Amino acid sequence: MTTTTYFQGNSLHPQHISVGAILLNEKKEICCHHFQTKDLKSYWTEAGLDDFYILMRETLKPDEALEQALHRGLQEEFGAAAKLIDYVGSIKSFFKHKDVAIEKTTLYFLCELINQDLLKRTGDDIESNTLVEWHTADYLIPRMKKQAIKFNRTDVDESSILEKN
């Protein structure tokens, strides 16, 4: 998200809040972003990130309900419409962005895919340009744990939320 909001961490208030989705298809596979080195730019590459997987995560906009941000994020990042099933927990992560230590809390929701059209992906976030892939939790969990260690960034490890569901 390029527009700064009071939900986005900054030097005066380094707390950040976002919503995330565990989007399941009919095979119970999970939709995720697959970032490859060629897809990365700005602070992602500065942090040494390459070839990693994350779920959909979207920063809230002012006066936007959690559910609205969730559906907006699914559309922008995955070109997907989904049925919200349940709130499944949160992850608090810590990372540096532009020399500011950010505390990010992401609230996760379990969602069931209704339809998907990758051509409908929008937005100016890097996430709107990644590879979108479907994988099992068994595939994603060890990769997310490994990438968190490799990059020393807790915000790239969503394995704990997948292990709960």
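Just so it is clear, the structure is predicted and the values come from calculations on it, not from any experiment.
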Heavy-atom check, side chain of Gln147 versus side chain of Tyr53, under 4.5 Å: yes
Please check this pair: side chain of Glu76 against backbone of Gly73, looking for a donor-acceptor N/O pair closer than 3.5 Å. no
Side chain to side chain contact (heavy atoms under 4.5 Å, CB included) evaluation trace for Leu113 with Leu24: CA-CA 6 Å; Leu113 179 69; Leu24 298 176; over 6 Å; no
Report yes if the side chains of Cys111 and Lys83 come closer than 4.5 Å at any heavy-atom pair, otherwise no. no
Path from Ile22 to Ile114 over hydrophobic side-chain contacts below 4.5 Å: no
Which atom names give the shortest non-hydrogen contact between Ala148 and Val156, and what distance separates them? CA-CG2, 3.9 Å
Looking only at side-chain N and O atoms, does Thr59 offer a donor or acceptor that is under 3.5 Å from a partner on Ser18? no
Would you compute the distance between atom OH of Tyr108 and atom CE of Met56 and round it to the nearest 0.5 angstrom? 9.0 Å
Rounded to the nearest 0.5 Å, how far apart are CD of Gln15 and NZ of Lys92? 9.0 Å
Counting only heavy atoms not in Lys164 (residues, nucleotides, ligands), do more than 12 fall under 6.0 Å from its NZ? yes
Distance from Leu110 atom CG to Leu84 atom CG, nearest 0.5 Å? 8.0 Å
Same cluster for Val19 and Ile17 if Ile/Leu/Val/Met/Phe/Trp/Tyr side chains link at under 4.5 Å? yes
Minimum side-chain heavy-atom gap Lys104-Arg57 below 4.5 Å: yes
Between Thr105 and Ile91, is the side chain to side chain contact (heavy atoms under 4.5 Å, CB included) condition met? List the steps. CA-CA 6 Å; Thr105 302; Ile91 294 177; over 6 Å; no
Any chain of hydrophobic side-chain contacts (each under 4.5 Å) joining Val132 to Tyr139? no
So that I can tick it off, tell me whether Arg143 and Glu158 are bridged by a salt bridge, with the cut-off set at under 4.0 angstrom between side-chain N and carboxylate O. no
Can you tell me how far the CG atom of Leu162 sits from the NE2 atom of His135, to the nearest 0.5 Å? 12.0 Å
State, to 0.1 Å, how close Ser90 and Ile161 come at their nearest heavy-atom pair, and which atoms those are. N-CD1, 3.9 Å
For Glu77, which of His33, Arg72, Arg121 qualifies under side-chain hydrogen bond (donor to acceptor under 3.5 Å, both in side chains)? His33
We want to know whether Asp157 and Ser159 form a side-chain donor-acceptor pair, criterion being a heavy-atom distance below 3.5 angstrom. yes
Minimum heavy-atom separation for Ala82 to His71, with atom names? O-CE1, 3.2 Å
Parallel, tilted or perpendicular: rings of Phe52 and Phe35 (30°, 60°): parallel
Student check: side-chain heavy atoms of Lys145 and Glu163 closer than 4.5 Å: yes
If you measure from NZ on Lys28 to CG on Asn165, what distance do you get to the nearest 0.5 Å? 12.0 Å
Hey, are the side chains of Thr122 and Lys120 touching, using non-hydrogen atoms and a 4.5 Å cut-off? no
Go through it in stages, so that I can follow the logic: the residues are Gln116 and Trp134, the test is side chain to side chain contact (heavy atoms under 4.5 Å, CB included), and I'd like the CA-CA distance, side-chain angles, deciding distance and then a yes or no. CA-CA 12 Å; Gln116 183 177 34; Trp134 293 89; 3.3 Å; yes
Can you check side chain to side chain contact (heavy atoms under 4.5 Å, CB included) on Asn25 and Cys31, steps first, answer last? CA-CA 8 Å; Asn25 64 16; Cys31 193; over 6 Å; no
Point-to-point distance, once rounded to the nearest 0.5 Å, from CD of Gln75 to CG of Leu70: 12.0 Å
So, do Val88 and Phe109 sit near enough that their side-chain heavy atoms are less than 4.5 Å apart? no
Quick one, Ile30 and Leu55 - any side-chain contact, counting heavy atoms below 4.5 Å? yes
